[in-house]
Amino acid sequence: RLSLSALRRSCRAWGNIRENKQVTVTGTKIWESSTFQDELSNVEVQMTLYYKVKGSAEENVWKKVTQPAEVTETLTNFRAENESGMQVTRTMPRYDAYGQELIYRWFETKTAQNGMDNGFEKAPEVIDDMAKINQSFSLEHRGQMVSYVSENTFNEATGVSTIYNRLVD
């Protein structure tokens with residue numbers, strides 16, 4: 001039979017175990033730009049990390065990670081050699097302060113060429129993935145503006161976000 005104080009210690013220990021669990025969040029950026037693949041060295045892509053509570057009623061709504069700070073990664077120097085993708089990773093808490101399990105997802109929130117933004121707005125606080133998964137933008141190649149669409153996919157089983165940038169015909 002457990003005393004009340006022993007039960008409290010056990011609950012605190014369980015809470016600490018849960019609070020300290022971490023998860024590694026991976027995002028992969030893939031350019032599918034055929035002949036322009038090796039001309040992307042002057043392109044910069046910003047990836048921003050978002051989260052939601054696992055099993056929440058708002059299953060398509062992702063909130064930007066802001067605590068303790070916004071989590072972004074910038075990818076540059078795209079080359080034909082890395083056409084299979086460039087990865088970003090970050091280790092994050094598995095549970096929030098209330099013990100709810102969190103799921104994380106990377107979104108492409110900025111694309112710039114030679115330091116100039118190309119069609120993305122500032123990273124929003126909340127993304128509804130049903131309404132805002134794919135965005136379009138343009139890059140200059142050989143003196144011509146070329147249109148792209150950015151497609152964001154997410155495998156909830158593996159927790160991997162994959163963002164494809166494809167040429168628009």
Side-chain angles (χ1 to χ4, degrees), residues 21-54 59-95 101-169:
K21 291 219 179 221
Q22 304 282 303
V23 60
T24 299
V25 185
T26 302
T28 303
K29 174 72 181 166
I30 298 174
W31 286 91
E32 294 181 346
S33 57
S34 61
T35 60
F36 300 122
Q37 187 74 34
D38 218 26
E39 296 178 26
L40 298 170
S41 60
N42 61 353
V43 174
E44 173 183 298
V45 171
Q46 179 177 295
M47 309 277 280
T48 303
L49 192 60
Y50 287 75
Y51 75 96
K52 69 178 180 178
V53 174
K54 186 174 185 176
E59 65 181 42
N60 297 320
V61 177
W62 298 85
K63 298 175 185 170
K64 183 171 24 172
V65 172
T66 57
Q67 296 296 322
E70 185 175 319
V71 178
T72 61
E73 294 286 344
T74 301
L75 298 172
T76 60
N77 201 25
F78 295 100
R79 299 264 184 232
E81 297 84 50
N82 56 30
E83 69 181 339
S84 62
M86 294 178 74
Q87 289 194 333
V88 293
T89 59
R90 186 62 67 102
T91 300
M92 299 297 295
R94 182 177 295 273
Y95 300 96
E101 187 172 358
L102 301 174
I103 301 171
Y104 297 91
R105 180 176 180 177
W106 291 98
F107 283 89
E108 179 177 8
T109 52
K110 177 181 174 184
T111 301
Q113 185 175 34
N114 295 321
M116 296 183 59
D117 290 354
N118 289 300
F120 281 84
E121 60 191 60
K122 183 178 184 236
E125 296 301 312
V126 175
I127 291 179
D128 181 334
D129 68 4
M130 296 309 290
K132 197 172 166 84
I133 287 183
N134 302 332
Q135 295 197 45
S136 51
F137 60 95
S138 297
L139 297 174
E140 184 180 340
H141 294 296
R142 301 177 191 152
Q144 295 182 12
M145 294 308 288
V146 178
S147 297
Y148 287 86
V149 65
S150 176
E151 179 188 349
N152 187 312
T153 64
F154 180 66
N155 182 327
E156 199 162 325
T158 63
V160 175
S161 306
T162 305
I163 295 94
Y164 298 92
N165 281 0
R166 295 186 171 108
L167 288 168
V168 175
D169 294 330

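Model, not experiment: these values are computed from the prediction.
At least one donor-acceptor pair closer than 3.5 Å links the side chain of N152 to the backbone N or O of W106. Between the side chain of Y104 and the backbone N or O of T91 there is no donor-acceptor pair closer than 3.5 Å.
Shown here for T24 and T89, the closest heavy-atom pair between the two residues is CG2-CB, 4.3 Å. For the residue pair S150 and E108, the shortest heavy atom distance occurs at OG-OE1, 2.6 Å. Taking both residues in full, the closest heavy atoms of F154 and S161 are given as CD1-OG, 3.6 Å, listed atom of the first, atom of the second, then distance.
Applying the side-chain hydrogen bond (donor to acceptor under 3.5 Å, both in side chains) criterion to E44, with sequence neighbours excluded, gives no partner residue. Contacts of Y51 classified as ring-ring contact (aromatic ring centres under 6.0 Å, His included), with partners at least two apart in sequence or in another chain: none. Remark: Y50 engages F107 in a ring-ring contact (aromatic ring centres under 6.0 Å, His included) (not counting sequence neighbours). Scanning for side chain to side chain contact (heavy atoms under 4.5 Å, CB included) contacts around T162 gives T28, I30, T153, V160, Y164, with sequence neighbours left out. The side chain to side chain contact (heavy atoms under 4.5 Å, CB included) check on Q67 picks up nothing, with sequence neighbours excluded. The salt bridge (charged side-chain N to carboxylate O under 4.0 Å, His left out) search around E140 returns none, not counting sequence neighbours.
The shortest side-chain heavy-atom distance between T109 and T72 does not fall under the 4.5 Å cut-off. Side-chain contact between T48 and Q46: present, with at least one pair of heavy atoms (C-beta onward) separated by less than 4.5 Å.
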Residue pair V23, L102: steps toward the side chain to side chain contact (heavy atoms under 4.5 Å, CB included) verdict: CA-CA 9 Å; V23 60; L102 301 174; over 6 Å; no
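No side-chain N or O of K52 forms a donor-acceptor pair with one of N60 less than 3.5 Å apart.
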